[in-house]
**Student:** 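Quick one: structure below, then a few questions.
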Amino acid sequence: MEQPTVTHDDFLGGQLRLAQPRHGFRAGIDAVLLAAACPAKAGESVLELGCGVGTALLCVGRRVEGLDLTGIEVQADYAALARANAATNGINATIVTADLTALPADLRQRQFHHVIMNPPYYERASSTPAQDSGRDRALAGAQMSDWIGMGARRLRPKGSLTLIQRITRLPEVLAAATGQIGSISVLPLAARAGRAPDLFLMRAIKGGRAAFRLLAPRVLHHGDRHQQTADYAPEIEMVLRHGGALHWDSIPADM
């Protein structure tokens, strides 16, 4: 019997059930953490650049009711899955199939309260097609400055841009953001206490003038080694299993 080309996976402890390709780019906790870091409030608008099957965008929509959600995805098959996932989960979202460097005219005229993005990790200098998904290769033509520049242009004044990336690309991201967006703060994400961060979240504000801030690393797991059972820190457990928000500046004392 031929295997189905997609799988159906639960996110947010079953609050979302998403179809995604069995092979190639598959969403993981990065998308959920990105969504949890978006400071959207009811009645506001959120744009995701490179939304894939809609994981991050729909996680935001599940956490906050009454949002105006828009996703941009260059690959038609992923965009189709994102539309289907939004409908299946009862979340109203507009998914546009387009290259972020050549958005349709109507989108170029819009401004959003929030922009979120997870630019591809594909690095042409050190990777091969076998190591990276087709979606990453399709997205790799745009430079980091294109991603951040387009995000900044689509923001309202004082709107927020949030992205997640590998820590090795932090210098590239900061260089791309310079002169395009302000009030930059970076939250490193470490797998365990005492380990160097592998990922980081960045939040910035259009027209912001606050000084750059490097926050203390947020630790994702308890203990110093892998456990057989889930060992996420309480705040991360709340984010991944219950759709909670990621607290940007500090962890509440009751966690």
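Here, residue 1 is the first one in the sequence, and each next residue gets the next number. These numbers come from a predicted model, not from an experiment.
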**Student:** Side-chain contact, heavy-atom cut-off 4.5 Å: I116 with L163?
**Tutor:** no

**Student:** Is there a side-chain contact (heavy atoms from CB on, under 4.5 Å) between Y78 and Q20? Walk through the geometry before answering.
**Tutor:** CA-CA 8 Å; Y78 283 90; Q20 56 181 336; over 6 Å; no

**Student:** Do I236 and L246 pass the side-chain contact (heavy atoms from CB on, under 4.5 Å) test, and can you show the C-alpha distance, the side-chain angles, and the key distance before you say yes or no?
**Tutor:** CA-CA 8 Å; I236 305 304; L246 187 71; 4.0 Å; yes

**Student:** When rounded to the nearest 0.5 angstrom, what distance separates CZ in R22 from OG1 in T5?
**Tutor:** 8.5 Å

**Student:** Holding to salt bridge (Lys or Arg N to Asp or Glu O under 4.0 Å), I want the full list of residues that pass it with D106, two or more places apart in sequence or in another chain.
**Tutor:** none

**Student:** State the CZ-NE2 distance between R218 and H247, to the nearest 0.5 angstrom.
**Tutor:** 8.5 Å

**Student:** Do D99 side-chain atoms and V74 backbone N/O form a donor-acceptor pair below 3.5 Å?
**Tutor:** no

**Student:** Same cluster or not: are I205 and L155 linked, directly or through other Ile, Leu, Val, Met, Phe, Trp or Tyr residues, by side-chain heavy atoms under 4.5 angstrom apart?
**Tutor:** no

**Student:** Less than 4.5 Å apart, any side-chain heavy atom of Q165 and any of P119?
**Tutor:** yes

**Student:** Whether the side chain of Q180 engages the backbone of A176 through a donor-acceptor N/O pair (distance < 3.5 Å, no angle test) should be reported.
**Tutor:** yes

**Student:** In Å and rounded to the nearest 0.5 Å, what is the CG to CG distance from L16 to L58?
**Tutor:** 6.0 Å

**Student:** Quick one, L189 and P217 - any side-chain contact, counting heavy atoms below 4.5 Å?
**Tutor:** no

**Student:** Can you find a heavy atom in the side chain of V239 that is under 4.5 Å from one in the side chain of V32?
**Tutor:** yes

**Student:** Quick one: CG on L161 to CE on M150, what's the gap to the nearest 0.5 Å?
**Tutor:** 12.5 Å

**Student:** Can you name the nearest heavy-atom pair linking L34 to A56, along with the distance?
**Tutor:** CD2-CB, 4.1 Å

**Student:** We want to know whether H114 and E44 form a side-chain donor-acceptor pair, criterion being a heavy-atom distance below 3.5 angstrom.
**Tutor:** yes

**Student:** Distance-only, no hydrogens or angles: does the K206 side chain make a donor-acceptor pair with backbone N or O of A152 under 3.5 Å?
**Tutor:** yes

**Student:** More than 12 foreign heavy atoms under 6.0 Å from CZ of R62: is that the case here?
**Tutor:** yes

**Student:** Applying side-chain contact (heavy atoms from CB on, under 4.5 Å) to V46 and D68, what does each step give before you reach the verdict?
**Tutor:** CA-CA 6 Å; V46 179; D68 178 356; over 6 Å; no

**Student:** Which pair of non-hydrogen atoms, one from A177 and one from I184, has the smallest distance, and what is that distance?
**Tutor:** CB-CD1, 3.7 Å

**Student:** Looking at R169 and E172, is there a salt bridge between them, counting it only when a charged N and a carboxylate O are closer than 4.0 Å?
**Tutor:** yes

**Student:** What closest approach, in Å, do S45 and Q111 show between heavy atoms, and which atom pair accounts for it?
**Tutor:** OG-O, 4.1 Å

**Student:** What's the separation between atom CG in L18 and atom CG in N89, rounded to the nearest 0.5 Å?
**Tutor:** 5.5 Å

**Student:** Looking at E73, R83, Q75, which one forms a side-chain hydrogen bond (donor to acceptor under 3.5 Å, both in side chains) with T97?
**Tutor:** R83

**Student:** Does the side chain of F112 come within less than 4.5 Å of S160's, by heavy atoms?
**Tutor:** no

**Student:** Search all heavy atoms of T162 against all heavy atoms of C38 and return the closest pair with its distance.
**Tutor:** OG1-CA, 4.3 Å

**Student:** Any carboxylate oxygen within less than 4.0 angstrom of a Lys/Arg side-chain nitrogen, looking at R192 and D198?
**Tutor:** no

**Student:** Going by heavy atoms in the side chains, are L215 and F200 under 4.5 Å from each other?
**Tutor:** no

**Student:** Who pairs with D9 by salt bridge (Lys or Arg N to Asp or Glu O under 4.0 Å), at least two apart in sequence or on another chain?
**Tutor:** R26

**Student:** Same cluster or not: I91 versus V60, using hydrophobic residues (I, L, V, M, F, W, Y) connected whenever any side-chain heavy atoms lie under 4.5 Å apart?
**Tutor:** yes

**Student:** Does this structure show an ion pair linking D30 with R166, if we count only N-O contacts that are shorter than 4.0 Å?
**Tutor:** no

**Student:** Does any non-hydrogen side-chain atom of W248 lie less than 4.5 Å from one of S185?
**Tutor:** yes

**Student:** Please report the closest heavy-atom contact between L57 and A93, naming both atoms and the distance.
**Tutor:** CD2-CB, 4.3 Å

**Student:** Among T70, L103, I72, L49, find the one that has a side chain to side chain contact (heavy atoms under 4.5 Å, CB included) with R154.
**Tutor:** L103

**Student:** Please name all residues satisfying salt bridge (Lys or Arg N to Asp or Glu O under 4.0 Å) with R213, sequence neighbours left out, ordered by chain then number.
**Tutor:** D249

**Student:** Do V186 and F212 have side chains that get closer than 4.5 Å, going by heavy atoms?
**Tutor:** yes

**Student:** Taking all heavy atoms of A193 and all of V219, pick out the closest pair and write down the distance.
**Tutor:** N-CG1, 3.5 Å

**Student:** After noting the C-alpha distance and the side-chain angles of H113 and K41, does the key distance pass the side-chain contact (heavy atoms from CB on, under 4.5 Å) rule?
**Tutor:** CA-CA 9 Å; H113 292 88; K41 299 178 182 178; over 6 Å; no

**Student:** Could you tell me the separation between the CE atom of M117 and the CE atom of M202, rounded to the nearest 0.5 Å?
**Tutor:** 7.5 Å

